[in-house]
Amino acid sequence: MKDVPLLELNDGHTIPQLGLGVYQIAPENTVDAVLNALEVGYRHIDTAEMYGNEKQVGEAINESEIGRSDIFVTSKLHNAMHKPDDARRAIDNSIEAIGSDYIDLFLIHWPLPKLYGGDFLATWEVLEDYKSKGHLRSIGVSNFQVSHLQKLIAKAKIEPAVNQIELHPYFQNVEVDDFGQTKNIATEAWSPIAQGGVLDDPVIAEIAKQTGKSTAQVVLRWHIQRGNIIFPKSETPERIEENYDIFDFELDDNQMADITGLDKAENGRTGPHPDRFDYCPEYKRPG
Ligand code: NDP
């Protein structure tokens, strides 16, 4: 299998364009899933404090033969921990749970404009401080709308390296994606196959037939050719392998355009709207 491309972020660090997402993998299954992925060749894992499996991601990395410095790990701030002192505590705990003295990429998970008086700027300053000390190599945001990005960029000393947003053929999040491109903020596409929701689409099925690939591989390849960073979630060994095997074929311009033509704009969104989302579960130290 060919190598996963490395993309350069706006702070000079590089990130493998394909990784494994571990949202909704139970802690007791996480070590196996991550070890499987590392065995296949994945070198990028996307976790979050709220997924409850940071510690198990760290355990798998520790158990593997691969050095920590060869694996790119992303984690994200718990929604209950936006106040600066809380954010410091949460970042320290995430670093400890993952088991080294740094995290490659750390994100504000949600902007939460209805909580904390909408003040994610004070939270961002904490991330900037941890980046300047080397404990967070790159920093970014997730689920930020254009208005949130504008507010952040106006005050930030360090611009976000990425914005991790819902993006798949049925919901292409065009305005946010385009704004990010103009600001050199890389787009990370969460739910890249819409949790399976796009895999029975007849247009995608036809392209799968033409290319001899599965519908999941076709959709993931569409993301790669658009320059998105992706980390499909799977805990099924065959699918972990299948999702990695997308670098030996190319979609032509017509096939790319046909998939892009499937956008349903807001009607295709599957997750919560970031302007309204205020889910804030109790913070428990990762473990
Ligand atoms: P995905 O679009 O990655 O879909 C995952 C689902 O698709 C699982 O049910 C998986 O099943 C199934 N699947 C995976 N590969 C295949 C395949 N080849 N064929 C058929 N089915 C397949 O959804 P996620 O929501 O998990 O998104 C991916 C990652 O994005 C998350 O794990 C997380 O890291 C991140 N994310 C971030 C969010 C944020 O707010 N920042 C929100 C949501 C996700 P199975 O595991 O049983 O194989």
Side-chain angles (χ1 to χ4, degrees), residues 15-27 29-30 32-34 36-37 40 42 44-54 56-57 72-79 98 103-112 140-145 148 160 162-173 176 180 186-201 204-205 208 213-224 228-246 268-281:
I15 182 170
Q17 196 179 358
L18 173 72
L20 178 78
V22 298
Y23 175 47
Q24 293 176 328
I25 303 187
N29 298 331
T30 302
D32 280 350
V34 173
N36 272 330
V40 167
Y42 290 75
H44 169 184
I45 309 295
D46 185 273
T47 183
E49 208 290 326
M50 288 192 289
Y51 303 168
N53 54 20
E54 285 176 310
Q56 290 72 21
V57 168
F72 190 102
V73 182
T74 299
S75 194
K76 316 184 191 90
L77 183 68
H78 192 287
N79 284 353
I98 291 165
I103 297 175
D104 296 275
L105 174 63
F106 195 82
L107 312 180
I108 297 183
H109 203 150
W110 288 89
L112 306 176
V141 294
S142 178
N143 300 300
F144 272 42
Q145 298 286 88
H148 307 137
V162 309
N163 187 16
Q164 185 176 124
I165 52 175
E166 181 179 349
L167 199 165
H168 45 74
Y170 288 167
F171 179 59
Q172 295 176 29
N173 219 334
V176 180
T187 294
E188 296 196 322
W190 65 251
S191 290
I193 57 172
Q195 299 205 334
V198 295
L199 300 184
D200 294 330
D201 186 281
I204 297 169
K213 289 289 193 173
S214 70
T215 51
Q217 289 171 320
V218 165
V219 175
L220 297 173
R221 182 71 209 176
W222 173 81
H223 282 285
I224 293 289
N228 298 337
I229 298 162
I230 48 170
F231 22 83
K233 173 265 178 184
S234 181
E235 49 194 301
T236 313
E238 299 74 31
R239 288 173 172 173
I240 291 175
E241 204 164 335
E242 177 185 332
N243 295 344
Y244 192 81
D245 185 17
I246 56 172
R269 190 192 285 278
T270 64
H273 195 296
D275 280 334
R276 296 187 282 277
F277 190 63
D278 58 4
Y279 172 69
C280 193

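Counting convention: from 1, in listed order, for ligands and their atoms alike. Values reported hereafter were calculated over all heavy atoms of this structure, with side chains retained and with hydrogens, waters and symmetry mates removed.
When only non-hydrogen protein atoms are considered, atom 40 (O) of ligand 1 lies nearest to Asn143 ND2, 2.9 Å. The single protein non-hydrogen atom nearest to atom 6 (C) of ligand 1 is Gln195 CA, 3.8 Å, given as residue, atom name and distance. Atom 7 (O) of ligand 1 has its closest protein heavy atom at Ile193 CD1, 3.6 Å. The protein atom (non-hydrogen) at minimum distance from atom 16 (C) of ligand 1 is Arg239 CD, 3.5 Å. Among all non-hydrogen protein atoms, the one lying nearest atom 26 (O) of ligand 1 is Lys233 CB, 3.1 Å.
Those atoms of ligand 1 that come under 4.0 Å of a heavy atom in Thr236, given as number and element, are 45 (P), 47 (O), 48 (O). Near His109, the atoms of ligand 1 lying under 4.0 angstrom from a non-hydrogen atom of the residue are 39 (C), 40 (O), 41 (N). Close contacts between ligand 1 and Gln164 involve ligand atoms 35 (C), 36 (N), 37 (C), 38 (C), 39 (C), 41 (N) [criterion: under 4.0 Å to a heavy atom]. The contact set between ligand 1 and Trp110, taken as ligand atoms under 4.0 Å from a residue heavy atom, comprises 40 (O).
Considering only residues two or more places apart in sequence or on other chains, Phe171 meets the ring pair (Phe, Tyr, Trp, His ring centres under 6.0 Å) condition with none of them.
The proximity of Glu242 to ligand 1, defined as any non-hydrogen pair under 4.0 Å, is limited to the side chain.
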Salt bridge (Lys or Arg N to Asp or Glu O under 4.0 Å) assessment of Lys233 paired with Asp46: CA-CA 9 Å; Lys233 173 265 178 184; Asp46 185 273; over 6 Å; no

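Taking only nitrogen or oxygen atoms, main chain and side chain alike, Ser142 reaches within less than 3.5 Å of ligand 1. Looking at Phe231 next to ligand 1, no N or O pair under 3.5 Å apart turns up.
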